[in-house]
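The first residue in the sequence is number 1, and the count goes up from there.
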Amino acid sequence: MKLLLDTQLLLWAAGQPERLSARARRQLNNRKNELIFSAASFWEISIKKSLGRDDFRVEPRVLRRALLDNGYVELPVTSEHAVNVDGLPPLHKDPFDRLLITQALVEGITLLTADAQLARYGGPVRKV
């Protein structure tokens with residue numbers, strides 16, 4: 001199964017794996033799953049790190065390289081992803097998360113999240 005991780009799960013998987021739920025760990029450790037990260041997550045990390053957010057104290061270049069070295073696949077952001085954001089109901093206001101949802105929808109993959117608000121979208125979004 002192709003699994004797109006939201007930004008929070010990426011950060012936890014890389015730096016605070018103890019914060020991952022047992023369900024999330026099972027999904028990430030299942031070799032049958034293809035783990036995917038979005039370029040949008042790195043845009044979010046870079047912006048929030050530059051703003052001094054305590055929860056984004058990671059070096060984006062190092063994190064990206066580590067994910068690629070560990071078999072994660074990068075999903076670029078396309079204009080098709082961007083234009084489909086307008087079709088989402090206004091359940092969640094975070095633009096990065098909304099873009100991740102449309103990427104999952106357009107690509108036919110599952111978005112994993114620990115965010116209950118984001119999981120309200122249903123469909124390809126799974127709370128772990």
Side-chain angles (χ1 to χ4, degrees):
M1 178 182 298
K2 292 183 177 189
L3 301 175
L4 175 62
L5 278 67
D6 77 356
T7 307
Q8 184 179 52
L9 287 182
L10 280 177
L11 292 171
W12 288 354
Q16 296 176 302
E18 68 280 0
R19 296 195 67 183
L20 294 169
S21 69
R23 184 174 178 198
R25 283 192 297 277
R26 279 193 306 276
Q27 293 288 331
L28 298 181
N29 292 326
N30 184 339
R31 294 190 176 268
K32 293 180 182 177
N33 291 335
E34 180 179 350
L35 303 178
I36 303 169
F37 68 89
S38 173
S41 289
F42 280 83
W43 179 34
E44 178 179 14
I45 291 167
S46 296
I47 288 172
K48 291 180 177 177
K49 180 180 188 274
S50 72
L51 295 173
R53 290 264 308 260
D54 285 341
D55 51 341
F56 286 86
R57 288 187 180 189
V58 62
E59 174 49 54
R61 289 169 189 83
V62 172
L63 175 60
R64 181 179 179 273
R65 182 77 265 152
L67 291 170
L68 291 170
D69 289 348
N70 283 287
Y72 284 69
V73 175
E74 182 173 359
L75 177 62
V77 175
T78 68
S79 57
E80 184 179 9
H81 299 147
V83 299
N84 279 290
V85 170
D86 71 350
L88 293 176
L91 301 175
H92 199 289
K93 300 212 185 289
D94 184 296
F96 302 107
D97 288 337
R98 291 173 61 81
L99 185 53
L100 292 175
I101 293 166
T102 60
Q103 285 186 296
L105 287 165
V106 167
E107 301 299 325
I109 57 181
T110 300
L111 174 62
L112 293 184
T113 185
D115 182 340
Q117 183 72 9
L118 188 57
R120 290 180 53 211
Y121 280 98
V125 184
R126 300 283 184 272
K127 185 175 182 306
V128 292

A.B. asks: Do NZ/NE/NH1/NH2 and the carboxylate oxygens of Asp94 and Lys48 come within less than 4.0 Å?
C.D. replies: yes

A.B. asks: Where the side chain of Arg23 meets the backbone of Leu20, is there a donor-acceptor pair that is under 3.5 Å apart?
C.D. replies: no

A.B. asks: Measure across Phe96 and Ala40 and return the closest heavy-atom pair with its distance rounded to 0.1 Å.
C.D. replies: CD2-O, 3.9 Å

A.B. asks: Using the rule given for side chain to side chain contact (heavy atoms under 4.5 Å, CB included), can you reason through Glu18 versus Trp12, listing the C-alpha separation, both sets of side-chain angles and the distance that settles it, and then say yes or no?
C.D. replies: CA-CA 8 Å; Glu18 68 280 0; Trp12 288 354; over 6 Å; no

A.B. asks: Ser46 side chain to Trp43 main-chain N or O, any donor-acceptor pair under 3.5 Å?
C.D. replies: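 No, Ser46 side chain to Trp43 backbone: no donor-acceptor pair under 3.5 Å.
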
A.B. asks: Side chains of Asn33 and Gln27: any donor to acceptor distance under 3.5 Å?
C.D. replies: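 Their side chains do contain a donor-acceptor pair, which is all the 3.5 Å distance test asks for.
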
A.B. asks: Carefully, step by step, assess Phe37 and Leu68 under the rule side chain to side chain contact (heavy atoms under 4.5 Å, CB included).
C.D. replies: CA-CA 9 Å; Phe37 68 89; Leu68 291 170; 3.9 Å; yes

A.B. asks: Look only at the side chain of Thr110 and the backbone of Leu3, and say whether a donor-acceptor pair between them is shorter than 3.5 Å.
C.D. replies: no

A.B. asks: State, without any angle test, whether Asn84 and Thr102 hold a side-chain donor-acceptor pair at a distance under 3.5 Å.
C.D. replies: no

A.B. asks: Flag the pair Leu112 / Asp6 as yes when at least one side-chain heavy-atom distance between them is below 4.5 Å, and no otherwise.
C.D. replies: no

A.B. asks: Does one hydrophobic cluster hold both Ile45 and Leu67, with members joined at side-chain heavy-atom distances below 4.5 Å?
C.D. replies: yes

A.B. asks: Below 4.5 Å, heavy atoms only, C-beta onward: do Leu111 and Pro124 meet side chain to side chain?
C.D. replies: no

A.B. asks: Any donor-acceptor pair under 3.5 Å linking the side chain of Gln103 with the backbone of Pro76?
C.D. replies: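 Judged by distance alone, yes, a pair lies under 3.5 Å.
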
A.B. asks: Does the distance from a Lys or Arg side-chain N to an Asp or Glu carboxylate O, for Lys2 and Glu107, drop under 4.0 Å?
C.D. replies: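 Salt bridge: no.
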
A.B. asks: For Arg98 and Tyr121, what are the C-alpha separation, side-chain angles and deciding distance, and is it a side chain to side chain donor-acceptor pair (under 3.5 Å)?
C.D. replies: CA-CA 10 Å; Arg98 291 173 61 81; Tyr121 280 98; 3.0 Å; yes

A.B. asks: Give the cluster check for Leu5 versus Phe56: same hydrophobic cluster or not, with ILVMFWY residues linked at side-chain heavy-atom distances below 4.5 Å.
C.D. replies: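 Hydrophobic grouping puts Leu5 with Phe56.
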
A.B. asks: Would you say the side chain of Asp115 lies within less than 4.5 Å of the side chain of Lys127, judging by non-hydrogen atoms?
C.D. replies: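 No - every pair of side-chain heavy atoms lies 4.5 Å or more apart.
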
A.B. asks: Under the 3.5 angstrom rule, does the side chain of Gln117 hit a backbone N or O of Leu91 as a donor-acceptor pair?
C.D. replies: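 Pair found, side chain donor or acceptor close to backbone of Leu91.
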
A.B. asks: Grouping I, L, V, M, F, W and Y whenever their side-chain heavy atoms are under 4.5 Å apart, do Leu75 and Leu99 come out in a common cluster?
C.D. replies: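 Each belongs to a different hydrophobic cluster.
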
A.B. asks: Does Leu28 form a side chain to side chain contact (heavy atoms under 4.5 Å, CB included) with Val128? I'd like the steps, not just the answer.
C.D. replies: CA-CA 11 Å; Leu28 298 181; Val128 292; over 6 Å; no

A.B. asks: Does one hydrophobic cluster hold both Met1 and Leu35, with members joined at side-chain heavy-atom distances below 4.5 Å?
C.D. replies: yes

A.B. asks: For the backbone of Gly52 and the side chain of Arg57, can you confirm whether one donor and one acceptor N or O come within less than 3.5 Å of each other?
C.D. replies: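 No; judged by distance alone, with no hydrogens or angles, the pair does not exist.
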
A.B. asks: Between Leu118 and Leu11, is there a shared hydrophobic cluster once you connect ILVMFWY residues whose side-chain heavy atoms come closer than 4.5 Å?
C.D. replies: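 No, it is not one cluster - the side chains of Leu118 and Leu11 are not joined through contacts under 4.5 Å.
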
